[in-house]
Amino acid sequence: MTAASRAPQDARRGTDRAARLRAALDTKAAPYAFIAPFFLLFGVFGLFPLLYTAWVSLHDWSLIGGNEGFIGLENYRVLLGDAKFWNALLNTLGIFAIAVVPQLLAALLLADGLNRIVRGRGLFQIALIIPYVTSIAAMAIVFSTLFGTEYGMVNQVLGVFGIDPVNWRGGRLSSWAAIAVMVDWRWTGYNTLIYLAAMQAVPKDLYEAAALDGASALRRFWRITVPMMRPTILFTVIISTIGQMQLFTEPAVFDTGGAMAGGTQGQYQTVMMLVFQEAFRYGDYGYGSAVSWVLFLVIVVLGLINVLLTGRIKGAS
Amino acid sequence: MTVTADRPAQAPAGRPRRPAGRGRRLRRLRERAPLTYAGLLLTVLLSLFPLWWMLVIATRTTDAVARFPPVLLPGGEFAANTGRLFGNAGAHFTLGLWNSFVASATVSLSVVLFCSLAGFALAKLRFPGRNGFTVAVVVTMAVPVQVGIIPLLVLMQWLGWRGELQAVIVPFLVSGFGVFMMRQYAAQGVPDELLEAARIDGCSTLRTFWSVVLPVLRPAMVVLGLLTFMQTWNEFIWAVAVLTPDNPTVQFSINQLNESAYARDFSLMFTGAAYATLPLLILFAVFGRRLVGRIMEGAVKA
Amino acid sequence: MTKRSPTTRPRPAPRAATAALAGGALLLTAACGGGGGGDGEVTLTIDTFGVMGYEALIERFEEEHGIQVEERNVTDVADYTPQLQQNIASGSGAGDVVAIEEANIAQFMLQKEAFVDLAEHGAADLEENFLDWKWDQGTAPDGRIVGLGTDIGGLGMCYDTELFAEAGLPTDREEVGELWPTWDEYAATGEEFTEADTGAAFMSTIQPLFRVVTAQAGGEPFQNTEGDLVIEDTPSTREAYDTVTGMSGLSAALPIWSEEWNAAIQDNAFATMPCPAWMLGHIENTAGEAGEGRWDVAAVPGGGGNWGGSFLAVPAQSEHPEEAAALAEFLTSPEGQLSAWEEANTLPSSPEALESAEVTEFTRPYFNDAPVGAIFGATAMELEPVYYGPDTQAVDDAFRAALESVEQGQATADEGWDTAVSGSERAAG
């Protein structure tokens, strides 16, 4: 770069300084400007309810009667000794355990399949998202019918193999299994699409090179696709954890009647069902808020464990 | 999977594709495709059944819901049910469709824009507090929403938005889910060299985002936009809490469909649900194509 | 300056529709600003659920008072009630007049200050317009009138005439009613029916019977007016429980309102079911054309009975309490209840309306022209007053779960009782 004359160079130095200043400002301020809309809107519409709920949980607060006095941590003390809470937490974790792993694995394989085909991909994509857009009422009736004791299609099929009818809602494990089927039916396609989008960012030449090197499809999937997609896989693991811990819709529609009781003996009452039951069905808003807050803390802890575990795996590989 | 399959330009659609002749291995791999199709097809059938059954009920009278063994073929009542649907004065179904469209379009565009900005910043820009903000985003997703309905209602009242459409729009203009998703995608898909080059080039951050980052993020933006649209479209609990039956969203309206006391009219509700699902499927058919492609094209051209 | 790398050349903006649509969205949001605006005229809002039969009445009220009335109806009471609670709790959003279901009236009574005392608007003189027990349910112990009765759920016993014929039992509704003046005789009939081996069960589930039997005993079956639990101090409650669980063997153990229960109605899989007035519509819809003439209605064992029904109340948050009270009183007047009966077959809670020819002579073609108006009306008149406490919902839920676990064989009757009592204590304690 050579200067043609002195004067223009001076002028240029001036604009350079302005530009540098602007650039420095840009580097410093832009990140905050980019994240500001999210945090501002969340601050108003997310944080306020959260803090309000925390406040309510420290009171004897009935939905109808309103605030009936500050009671400190009494709701939390009761909660720790409440068998219904521990039962609900156990159910939530149990359903989580049997639902999430097959779901994410199936989604990964389906996405890989979709990514490899050309013909009919659009149609397959639509078909996969259909469970997510099917009306909850239709889903509720279909699955209730499938898992009925007397008239259920699943029991009819089992009968063909000489297996006695199962009271799906009656047992803990059987109800968990039925709900896990509903959850996976509804959310596998959803995760598949997220994975499919992420696969678009895996450079294709990696595959071509591997294919030429003679790596099998399965090997390429485990050695290229999965490692390249680690951030997205971590993302789906965390959102699935959060979503599953707040599981409500599927067990609620699986239940009969509107009590949110999760079966005759709470076999499948999840924590969110308990929250709804306490706060809205029985009007104990203070206690419902306390359960809600404890659930929030449990989720945060589980999320951190997720991050730590995946961090370790990442470090090890 | 075949290499040719990744290169649509070389294999015009409709004609049977032949292996490019890179050896037996590739051919063997390609022959796995039937298995892939079979797996996908099975998933599709399982996925479709409840929707199909819903359509069947929409073409029949309500007593078909409880029939055993279940009815699986359409009947002849669809026109009659459609007439009852749009003629139902209490449900305001057409208004519900329109309201849901306005809300879903606004929310999904806003979510895609703001979450891409924030996700990109958290993934690729260096600034003090970045990790803290990232964790904060994830934590916001863990907030259980249900008991929060009451304070949110209080807030809406204070803003004077009860019964107004913005009450189902403004609180949802951003989502922790979206930010986190875009952050993870950007971390995985946006090469640092690209940003470095743009910076050295003198591009402002915004300019870089718009011209360099957005094209790379596109598949994830499409997915986020579609999922957000569908979620907003199907949202029910909050809509029922904050809106009124005379100015409903479509799901609220469907729930209002009834003509008899103490009994749910499922054929009418499912006719409504069918009309409410159709726009989503069209939207998905149109935008779903954009989900796959650009980067592959790039790879082919390179 | 450095060399430009080819990769950083600003690309043309992607063809994404994002930008174009974003502009469109702004237009859309601008177009959907708030509507409505007062022009000085009073407009009342009434929140209802299910079908109340108020269309004609509201029109008449509008004409007579020059007040606009808007009815906001929510189909399902399970959706409606939490919403009403949220509106009362957040101090806004409720209608000027709201409907409240029987199971929830005591709970709302706890917050009686949130509702207008209708006595201040002339309701104190209306007592004779309502059945005693209905009036008492809507009135606080201190005399504050919170809710005025609308419909009630007078009871009959629905039975499947074809299954009865198959089992060699009478099919005429008078004769059937004479089979079971008491619950013991109902159970005995059930044994006889079961022995005939028709393949069908005598009843779908024992659970709804418990509510009916406790209501027939009257008094305070679960909770007294101070809010204390009295389940174990009320012998009739345990007796009702034993009567009902004793019939477990006659039950198909299909939970009420479940999909299977509906399928069983269509499949003619059980022979009897306690029928409040509002259940007839459900049977008609579910059994469809094939069931026409198959079901009939006889008297319910044990005398009177009631299951469900509603009230109208005026939330204190209403800006027009005077007009709202007038509307509630108009809708619940004997003439109002009769008009609702004619429109939607909601059984009146007004003795005058119940005794009128429009009710007593009413027959239902689907149920073999059964005179359901007379059957239901008679049971409602016989009913002992019964008090349901503020935690009725929780107590109901606890007993429902316990009874279902007993009939499904997951617990013994004694275990079920203990669970139900501890569940009730947990909620009410």
Side-chain angles (χ1 to χ4, degrees), chain A residues 26 30-31 34-35 37-38 41-42 45-46 48-50 52-53 110 113 116-118 122 124-135 137-139 141-142 151 189 193-194 197-198 200-201 204-205 208 211 214 217 231-232 235 239 242 246 275-276 279 288-289 292 295-296 299-300 303, chain B residues 1 3 5-6 25 29 32 36 39-40 43-44 47-48 50-51 53-54 68 114 117-118 121 125 127 133 138-144 146-148 151-152 171 173-174 179-181 184-185 187-189 204-205 219-220 223 230 269-270 273 277 280-281 284-285 288-289 291-292 295-296 299:
Chain A
D26 179 59
F34 280 22
I35 62 171
F38 171 78
L41 279 162
F42 177 80
F45 297 106
F48 169 68
L50 188 67
Y52 184 98
T53 306
L110 283 169
R116 288 193 280 152
I117 65 169
V118 164
F124 282 125
Q125 274 172 213
I126 293 180
L128 282 173
I129 201 63
I130 274 179
Y132 185 62
V133 301
T134 300
S135 103
M139 176 188 87
I141 298 176
V142 168
Y151 296 92
L193 289 183
I194 293 175
Q200 304 312 305
K204 287 293 173 277
D205 13 349
E208 295 196 16
T232 302
F235 166 71
I239 59 158
I242 292 173
Q246 300 188 12
V275 168
F276 191 96
S289 298
S292 196
L295 177 64
F296 173 63
I299 295 173
V300 169
Chain B
M1 130 108 193
V3 173
D6 286 335
R25 244 186 208 112
L29 286 174
R32 293 241 172 109
T36 307
L40 284 169
T43 317
V44 164
S47 301
L48 284 181
L51 184 78
W53 185 81
M54 182 189 93
F68 182 84
F114 289 135
L117 275 171
L125 302 179
F127 57 98
F133 282 119
V138 178
V139 170
T140 64
M141 285 194 292
V143 176
Q146 268 180 348
V147 287
L152 211 49
L173 288 177
V174 294
V179 175
F180 188 35
M181 177 175 166
Q184 297 303 87
Y185 190 88
Q188 174 196 333
S204 72
T205 314
V223 168
M230 291 172 179
M269 282 174 66
F270 287 177
T277 311
L280 294 184
L281 297 183
F284 200 84
R289 289 172 198 285
L291 203 158
V292 172
I295 295 184
M296 281 192 311

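Basis for what follows: all heavy atoms, side chains included, without hydrogens, waters or symmetry-related copies. The chains referred to below are lettered A, B, ... by the order of the sequence lines, with proteins before strands, and numbering in each begins at 1. All values derive from a computational prediction rather than experimental measurement.
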Comparing A:I126, A:L41, A:I299 against chain B, the one with the most heavy-atom pairs below 4.5 Å turns out to be A:I126
Among the options B:A142, B:A273, B:A118, pick out the one with the most heavy-atom pairs lying under 4.5 Å from chain A.
B:A142
For B:S47, enumerate each residue passing the side chain to side chain donor-acceptor pair (under 3.5 Å) test, keeping only those at least two apart in sequence or located in another chain.
none
Answer key: most heavy-atom pairs under 4.5 Å with chain B among A:A279, A:A30, A:P131 is A:P131
Where does B:T43 contact chain A at under 4.5 Å (heavy atoms): side chain, backbone, both or neither?
side chain
Partner chain B: residue of A:L128, A:V133, A:I194 with the largest heavy-atom pair count (under 4.5 Å):
A:V133
Which atoms of B:V223 come close to chain A, meaning under 4.5 Å heavy atom to heavy atom: side chain ones, backbone ones, both, or neither?
side chain
Could I get the full list of ring-ring contact (aromatic ring centres under 6.0 Å, His included) partners for A:F45, not counting sequence neighbours?
none
Please flag which part of A:L193 lies under 4.5 Å from any non-hydrogen atom of chain B: side chain, backbone, both or neither.
both
For A:Y52, is it the side chain, the backbone, both or neither that has a heavy atom under 4.5 Å from a heavy atom of chain B?
side chain
For residues B:F127 and A:P31, report the shortest heavy-atom separation together with the two atoms involved.
CD2-CB, 3.2 Å
Plane angle bin for B:F180 and A:F235 - parallel if under 30°, tilted between 30 and 60°, otherwise perpendicular
perpendicular
I need the residue from A:G189, A:G303, A:S135 with the largest number of non-hydrogen atom pairs under 4.5 Å to chain B.
A:S135
Where do B:M141 and A:Q246 come nearest, in terms of heavy atoms and distance?
O-NE2, 3.7 Å
Roughly how far, to the nearest 0.5 Å, is CG of B:L40 from CD of A:Q125?
10.5 Å
Quick check on the interface: out of B:P50, B:A187, B:G39, who has the most heavy-atom pairs with chain A under 4.5 Å?
B:P50
B:T277, part contacting chain A, at a heavy-atom distance under 4.5 Å:
side chain
Below 4.5 Å, heavy atoms only, C-beta onward: do A:F42 and B:V179 meet side chain to side chain?
no
Most heavy-atom pairs under 4.5 Å with chain B, out of A:F276, A:F124, A:F48, belong to A:F124
Below 4.5 Å, heavy-atom pairs only: which of B:V44, B:L51, B:V143 has the largest tally toward chain A?
B:V143
Side chains of A:F296 and A:T53: does their closest heavy-atom pair fall under 4.5 Å?
no
Could you give the distance from CG (A:D26) to CG (B:L125), rounded to the nearest 0.5 Å?
9.0 Å
Show the nearest heavy-atom pair for residues A:A201 and B:G189, with the distance to one decimal.
CB-CA, 3.9 Å
Between A:L295, A:I130, A:V275, which has the largest tally of heavy atom pairs under 4.5 Å with chain B?
A:I130
Given the options B:T140, B:L281, B:L280, B:V138, which has more heavy-atom pairs under 4.5 Å with chain A than any of the others?
B:T140
Which region of A:I129, side chain (C-beta onward) or backbone (N, CA, C, O), has a non-hydrogen atom less than 4.5 Å from a non-hydrogen atom of chain B, or is it both or neither?
side chain
Which atoms of A:A198 are under 4.5 Å from chain B, going by heavy atoms: the side chain, the backbone, both sets, or neither?
both
What's the shortest heavy-atom distance between B:Y185 and B:A220, and which atoms?
CG-CB, 3.5 Å
